[in-house]
Asker: 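Got a structure here, written out as structure tokens. Questions coming.
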Amino acid sequence: MSIINNSKTDPNKILPMTYLWARQHYKDGVANNWVPEEIPMQDDIEQWKNTTALTDEERRLIYWNLGFFSTAESLTANNIVLAVYNHVTNPECRQYLLRQAFEEAIHTDTFIYCCDSLGLDPEQIYTMYQSIPSIRGKDDFVVELTKSVFDPTFNTVGDGNIQSFVHDLVGYYVIMEGIFFYAGFAMMLALKRQRKMVGIGEQFEYIMRDESIHLNFGCDLINTIVAENPQVWTPAFQEEVTVLIKKAVELEKAYAKDACPDGILGINSQQFCDYVEHIADRRLERIGLKKVYDTENPFPWMSQATDLSKEKNFFETRVTEYQTGGLDWD
Ligand code: MN
Ligand code: FE
């Protein structure tokens, strides 16, 4: 059995399964099922329209995060459907990829809902990925980094091509979903902790839980390809992947400083940068590489927000225990 380049794989025959982790990620996704309309936006709308409820700095970071995420979610959805799905024929992995594609559609819908509720100018929000250099820097990096899989003649046969595929999966999953989303998550959740823009904050919380599963799936996919093709995981290739992740960390720190130059109440922009280094170390370790930064987590509350064991009860609007055993992933 092998997860790629397996001529015996029948994509339509899902049982019996070989890769049970793919099934588990599917179930974890279902346990976090949500749609943005379930979250009321009335308080957010009032705060947004009230000229004194939010500082200029807070408005800036909200704009920057809506500007980045509104287009990054579609970019991710397109990558999954047009590039990754083609090359991963294993049926339980494809079942997960379909779930992930659906969740990316929910996330894209969330930013439509935010723009509509707050009355934002879509021309402004949906062009920030081109007009704001720190956002464009991240998107350009991922597009450049994941070029080979998008080539219509690309296949995964041979060690060089397997390396290219792993390289691009690192770009999609570890860098885009695992690093480039996290300064924004920390900012929006920090605002929510101060009771500011709690509706959007809650939507970001749900998105972050989905993304932590996407990231876990991506890392398991990478680790399985490497375990089945150990000859591709050379010291030189490991170094190449580590260098890419370090470049991504610099881009994410530049974004954090640009979105939030003076910090927000009680948090300075350096702490957002420390957080990016901390999570980058976790990503490196998750794919079997040595950590680089050894930076302490400045926001221990972030891992709690990712915990899937807390499912909101919409009727009582309080958090209730939904299932036992959640993900501990920050
Ligand atoms: Mn997403
Ligand atoms: Fe995702």
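Whatever order the structure lists ligands and atoms in, that order sets their numbers, starting from 1.
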Asker: Evaluate the ring planes of Y255 and F68, with Trp represented by its six-membered ring, and classify them as parallel (under 30°), tilted (30 to 60°) or perpendicular (over 60°).
Answerer: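 Tilted: the ring planes of Y255 and F68 meet at 30° to 60°.
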Asker: Any N/O/S atom from E104 (main chain or side chain) under 2.8 Å of the Mn ion (ligand 1)?
Answerer: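 E104 does place an N, O or S atom closer than 2.8 Å to the Mn ion (ligand 1).
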Asker: Inspect the surroundings of CD in E123 and state if more than 12 heavy atoms from other residues, nucleotides or ligands are less than 6.0 Å away.
Answerer: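 Atom CD in E123 is not crowded, with 12 or fewer foreign heavy atoms closer than 6.0 Å.
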Asker: Short check: any N/O/S atom of D210 below 2.8 Å from the Mn ion (ligand 1)?
Answerer: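 No - counting backbone and side chain alike, D210 has no N, O or S atom under 2.8 Å.
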Asker: Which N, O or S atom name in H107 marks its closest approach to the Mn ion (ligand 1)?
Answerer: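 For H107, the N, O or S atom at the smallest distance from the Mn ion (ligand 1) is ND1.
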Asker: To make sure I understand the geometry: which N, O or S atom in E104 is closest to the Fe ion (ligand 2)?
Answerer: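 When I compare the N, O and S atoms of E104, OE2 is nearest to the Fe ion (ligand 2).
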Asker: Taking the Fe ion (ligand 2) as the reference point, name the nearest N/O/S atom of E211.
Answerer: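 Atom name returned: OE1.
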Asker: Would you please say whether a donor-acceptor pair under 3.5 Å links the side chains of E104 and H214?
Answerer: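 The criterion, which ignores hydrogens and geometry beyond distance, is satisfied for H214 and E104.
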Asker: For the Mn ion (ligand 1), find the closest N/O/S atom on E73 and give its atom name.
Answerer: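 Distance check against the Mn ion (ligand 1) picks out OE1 in E73.
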Asker: Decide, yes or no, whether a salt bridge links R99 with E103 under the criterion of side-chain N to carboxylate O below 4.0 Å.
Answerer: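 Salt bridge flag = yes for E103 with R99.
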Asker: Does K257 count as lying over the ring of F272, i.e. NZ or CZ under 6.0 Å from the six-ring centre, within 45 degrees of the axis?
Answerer: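 The answer is no; the distance or angle limit is not met.
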Asker: Checking one value in my table: which N/O/S atom of E177 lies closest to the Fe ion (ligand 2)?
Answerer: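 It is OE2, the N, O or S atom of E177 closest to the Fe ion (ligand 2).
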Asker: For residues D168 and S148, is any side-chain donor paired with an opposing acceptor at under 3.5 Å?
Answerer: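 Looking only at side-chain atoms, S148 and D168 do form a donor-acceptor pair, the distance falling under 3.5 Å.
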Asker: Determine the sole option in I175, I287, V84 for which the side-chain contact (heavy atoms from CB on, under 4.5 Å) test with L169 is passed.
Answerer: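 So the option named by the test is V84.
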Asker: By atom name, which N, O or S atom of H214 is the nearest to the Fe ion (ligand 2)?
Answerer: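 For H214, the N/O/S atom sitting closest to the Fe ion (ligand 2) is ND1.
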Asker: Any N/O/S atom of E211 sitting less than 2.8 Å from the Mn ion (ligand 1), backbone or side chain?
Answerer: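 Of the N, O and S atoms in E211, at least one lies under 2.8 Å from the Mn ion (ligand 1), which means yes.
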Asker: Closer than 2.8 Å to the Mn ion (ligand 1): does that hold for any N, O or S atom in H214?
Answerer: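 So H214 does not count as coordinating the Mn ion (ligand 1).
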